[in-house]
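Here's the structure, in C-alpha cells; my notes come after.
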Amino acid sequence: MASFALTSSLNHRFRPLSAGRPRLHTPKSVPFVKSVVKNSSNDSSKPLNNPQRRDHIQPITKKPSFLLPLPKRESIITASASAASAPAPPHQPWQGAAIQPLLASIATGVILWLIPAPSGVSRNAWQLLSIFLATIVGIITQPLPLGAVALMGLGACVLTKTLTFAAAFSAFGDPIPWLIALAFFFARGFIKTGLGNRIAYQFVSLFGSSSLGLGYSLVFSEALLAPAIPSVSARAGGIFLPLVKSLCVACGSNAGDGTENKLGSWLMLTCFQTSVISSSMFLTAMAANPLAANLTLNTINQTIGWMDWAKAAIVPGLVSLIVVPLLLYVIYPPQVKSSPDAPKLAREKLEKMGPMSKNEIIMAGTLLLTVGLWIFGGVLNVDAVTAAILGLSVLLITGVVTWKECLAEAVAWDTLTWFAALIAMAGYLNKYGLISWFSQTVVKFVGGLGLSWQLSFGILVLLYFYSHYFFASGAAHIGAMFTAFLSVASALGTPPYLGAIVLSFLSNLMGGITHYGIGSAPVFYGAGYVPLAKWWGYGFLISIVNLIIWLGVGGVWWKFIGLW
C-alpha cells in the first residue's frame, strides 16, 4: 500500500501541466502530500534509489530544499514537524505492590521480630506472631491482593524456618476454606441459571416496597434456617449469599461499578452481621457450638442442652436481629430506601421469565439435596463440605456450571488462599503455646485486681471477645481459650453456668469483627460490596452494640429465668 500511494503521488506530482497559466498549489493538496510523506518515511528501511523500485520512482535531484517545488518543500517541512511533535510512548502505570502499605506491613513484622520474646513464650511462637501480625497489617492495608499477601506470609514462615512447608500449607486440607470456595461456585449457578433472579423477584414482589423490609425478610429467613443447618458457611454462604447477590443485581447495585451503595453495601453487611447473631441463638446453628457445650461439661460438670441454649439466647438474639439492621440502615444507609413500584415491576419480570427452565429445576433440586444433607448430615454421617462437593458434582455433570466457570471465579480461589493461610498461622500460634500463655497472663492479671465478680467477668469477656482478631476460626478460639477463661471466671466468683453460657454466645458474636473471623465472613466480604476499612470499622461498632444487648438485655433475661 505504501508503494502504491507513493507511485500515485509521484505520478500526480510529475504529471505534465496543461498549457496556459501554471497550476498553483492549493491547500487541498497538503493533506495528500502529508500522507505521502508519512507513508514513504515509514518505509525507511528501503532507500528510494533501490534498484527494485526504480521502475516506480524517478531520480531525485540533489537540490537545496528552497529550490524544490512547493509541494515537496511543504512535505519536508511537514515531515520535520511531525517528527518533532511525535508523542512520547505512554507511561506504563506501576503494576506492583503499593509501596507504603508494603513497608508498613514489613516494618510491623521486623520490629516485633527484634523484640525479645516474653518469659514463657518460645522463640518460634514469637516469630510466628510477628509474621502473623505483619500479614494482618498487609491484609488491612492491601499492598497486594489478599491472597498474594497471605501467600507471602506463608513464604516468610517457611523461609525463616518458623514453620515447615507442610505446616504452613496444612490448612489447605481444612474443610472450611473449601466450603467457602464451593459457596462461590453455587452462587455462580444461582446467577447463571436465573434461579437467583427468580427468587429475588419473588422477595421483591412481597417485600420490595422498601429496602428495610427486604433486609428484614432475609434476616429472619436466615434465622429460621439456623437451627437446621449447623454450618454458618453453608447457610449464609451457600444459600443466602447467592440470593443477596441476585437481589442486588436485580436492583441495579453491582460491585465495582460505583453502584454498590444503592443497595448492596448495606444488604451485604446486614446479612453478614445478623448471620453471627443467628449462629449464637441455637446449639445447632454453628459447628463449634457443640464444642463449647462439651468443654462446659468437662470444666464445670454441667450440661447445656438444646432447649437450655435456645431459651437463654432467644430474647437477646431477637433484640439484636431487630436492632442491628436498623442501626446499619441509619449509619450506612442504602441510597435506594423506598421503591413503591418495585413489587409491580418484579411481578412483571416474573411473568416475562415464564416457567422455570430445565437448568433452574436442576439448580433448585441440587440446592434441596445439598441443604437436606446439611440438615441431616449428622444422622447420615455426611459432613458439610462433602455435601457441597456432591452438589457441585451434580451441577458439573449436568452442565449447569462448567469447570471453566469455576476456574474463572477468581474471588473464590483468592479467598481460599488467604483464609487457609490465616487458619494455618493461627492454629500454630496455639500449638506453639502462645495462646495458652496469653490466657494464663490474663488470668493472673484479672485475678490480682481484687474486683467484684461482675467487673472481673466483664474484663474477661472483653479480652476473650477481642482476642478474636488473632483467630480465623471460632472453633480454634473456643478450643484454645474457652476452658481457661471459664475456669478463671468461676474461680473469681462468676456463676459457672452463666459464665459458660455467655462465653458460648460470644464465641459466635465475635466472628463479626473481621472479614476472616467466622465462616460466613470471607464469603460476604468477597462479594466486593464493602471496602475493608468499613468492614472492620462497622464490625467493631456492631460488636459494641451486640455486647451491650447481650450483656444488658440478656443479663436481665438471664436473671429472670434464674441463671444467676
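Along the sequence shown, the residues carry numbers beginning at 1.
- With hydrogens and angles ignored, the 3.5 Å screen pairs no side-chain donor or acceptor of T299 with any backbone N or O of T296.
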Pair up each side-chain donor or acceptor in residues 557-564 with any protein partner under 3.5 Å, not counting sequence neighbours, and list the distances.
unit_1, atom_1, unit_2, atom_2, d
W557, NE1, K311, O, 2.9
W558, NE1, A312, O, 2.8
W564, NE1, G555, O, 3.2

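- Annotation: F186, atom CZ; neighbour count of heavy atoms from other residues, nucleotides and ligands within 6.0 Å is above 12.
- Between L541 and I331 there is a side-chain heavy-atom pair separated by less than 4.5 Å.
- Distance alone, capped at 3.5 Å, places no donor-acceptor pair between the D174 side chain and the A171 backbone.
- Listed by first and then second residue, the side chain to side chain donor-acceptor pair (under 3.5 Å) pairs that reach into residues 513-523 are S275-S520, H515-W536, sequence neighbours excluded.
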Show me the donor-acceptor pairs, under 3.5 Å and distance only, between side chains in residues 417-429 and residues at least two apart or in other chains.
unit_1, atom_1, unit_2, atom_2, d
T417, OG1, W413, O, 2.9

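- We find the CZ-CG distance between F485 and L463 to be 5.5 Å, quoted to the nearest 0.5 Å.
- Residues that satisfy the side-chain hydrogen bond (donor to acceptor under 3.5 Å, both in side chains) test with D383, not counting sequence neighbours, are T386.
- Side-chain atoms of Y466 and S543 include a donor-acceptor pair closer than 3.5 Å.
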Hey, mind stepping through V502 and L551 against side-chain contact (heavy atoms from CB on, under 4.5 Å) and telling me if it holds?
CA-CA 8 Å; V502 172; L551 297 180; 3.9 Å; yes
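- I542 is not listed as a side-chain neighbour of L269, based on a closest heavy-atom distance of 4.5 Å or more.
- Under the 4.5 Å side-chain criterion, counting only non-hydrogen atoms from C-beta, L182 is in contact with I389.
- Taking CH2 of W309 as the reference point, atom CZ of F282 lies at 11.5 Å (rounded to 0.5 Å).
- At a threshold of 4.5 Å between non-hydrogen side-chain atoms, the residues V461 and L506 count as touching.
- When side chains are defined from C-beta on, V137 does not count as touching L133, because their heavy atoms never get closer than 4.5 Å.
- A heavy-atom distance below 4.5 Å is found between the side chains of L241 and M268.
- Partners of F471 according to the ring-ring contact (aromatic ring centres under 6.0 Å, His included) rule, which considers only residues two or more places apart in sequence or in another chain, are H477.
- A heavy-atom distance below 4.5 Å is found between the side chains of N254 and V249.
- Under the side-chain hydrogen bond (donor to acceptor under 3.5 Å, both in side chains) criterion, S217 pairs with no residue, sequence neighbours left out.
- When the ring-ring contact (aromatic ring centres under 6.0 Å, His included) test is applied to W535, the partners found at least two apart in sequence or on another chain are F272, Y525.
- Screening residues 489-510 for side chain to side chain donor-acceptor pair (under 3.5 Å) gives N289-N508, Y464-S507 as the qualifying pairs, with residues at least two apart or on separate chains.
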Walk me through it: do V149 and T135 pass the test side-chain contact (heavy atoms from CB on, under 4.5 Å)?
CA-CA 7 Å; V149 171; T135 305; 4.3 Å; yes
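- Atom-to-atom distance recorded for F505:CZ and M281:CE is 9.5 Å, nearest 0.5 angstrom.
- More than 12 heavy atoms of other residues, nucleotides or ligands lie within 6.0 Å of NZ in K192, so this atom counts as buried by the packing criterion.
- For the residue pair T193 / R198, no side-chain donor-acceptor distance below 3.5 Å is found, with atom types taken as modelled.
- Legend: residues meeting side-chain hydrogen bond (donor to acceptor under 3.5 Å, both in side chains) with E260, ordered by chain and number and at least two apart, are absent.
- For the pair L460/W453, no side-chain contact is recorded, criterion being any heavy-atom separation below 4.5 Å from C-beta on.
- No donor-acceptor pair closer than 3.5 Å links the side chain of S205 to the backbone N or O of R347.
- Taking Y538 as the reference, Y332 meet the ring-ring contact (aromatic ring centres under 6.0 Å, His included) condition, with sequence neighbours excluded.
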L492 and F457: side-chain contact (heavy atoms from CB on, under 4.5 Å), yes or no, with the steps?
CA-CA 8 Å; L492 294 176; F457 186 57; over 6 Å; no
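- By the salt bridge (charged side-chain N to carboxylate O under 4.0 Å, His left out) test, K262 is found to be paired with no residue, residues two or more places apart in sequence or in another chain being considered.
- Side chain of N359 to backbone of V400: no donor-acceptor contact under 3.5 angstrom is found.
- Looking only at distances, a side-chain donor or acceptor of W178 sits under 3.5 Å from a matching main-chain atom of F172.
- No side-chain donor-acceptor contact under 3.5 Å links S265 to the backbone of V530.
- Remark: T259 engages D257 in a side-chain hydrogen bond (donor to acceptor under 3.5 Å, both in side chains) (not counting sequence neighbours).
- Side-chain atoms of Q273 come within 3.5 Å of backbone N or O of G512 as a donor-acceptor pair.
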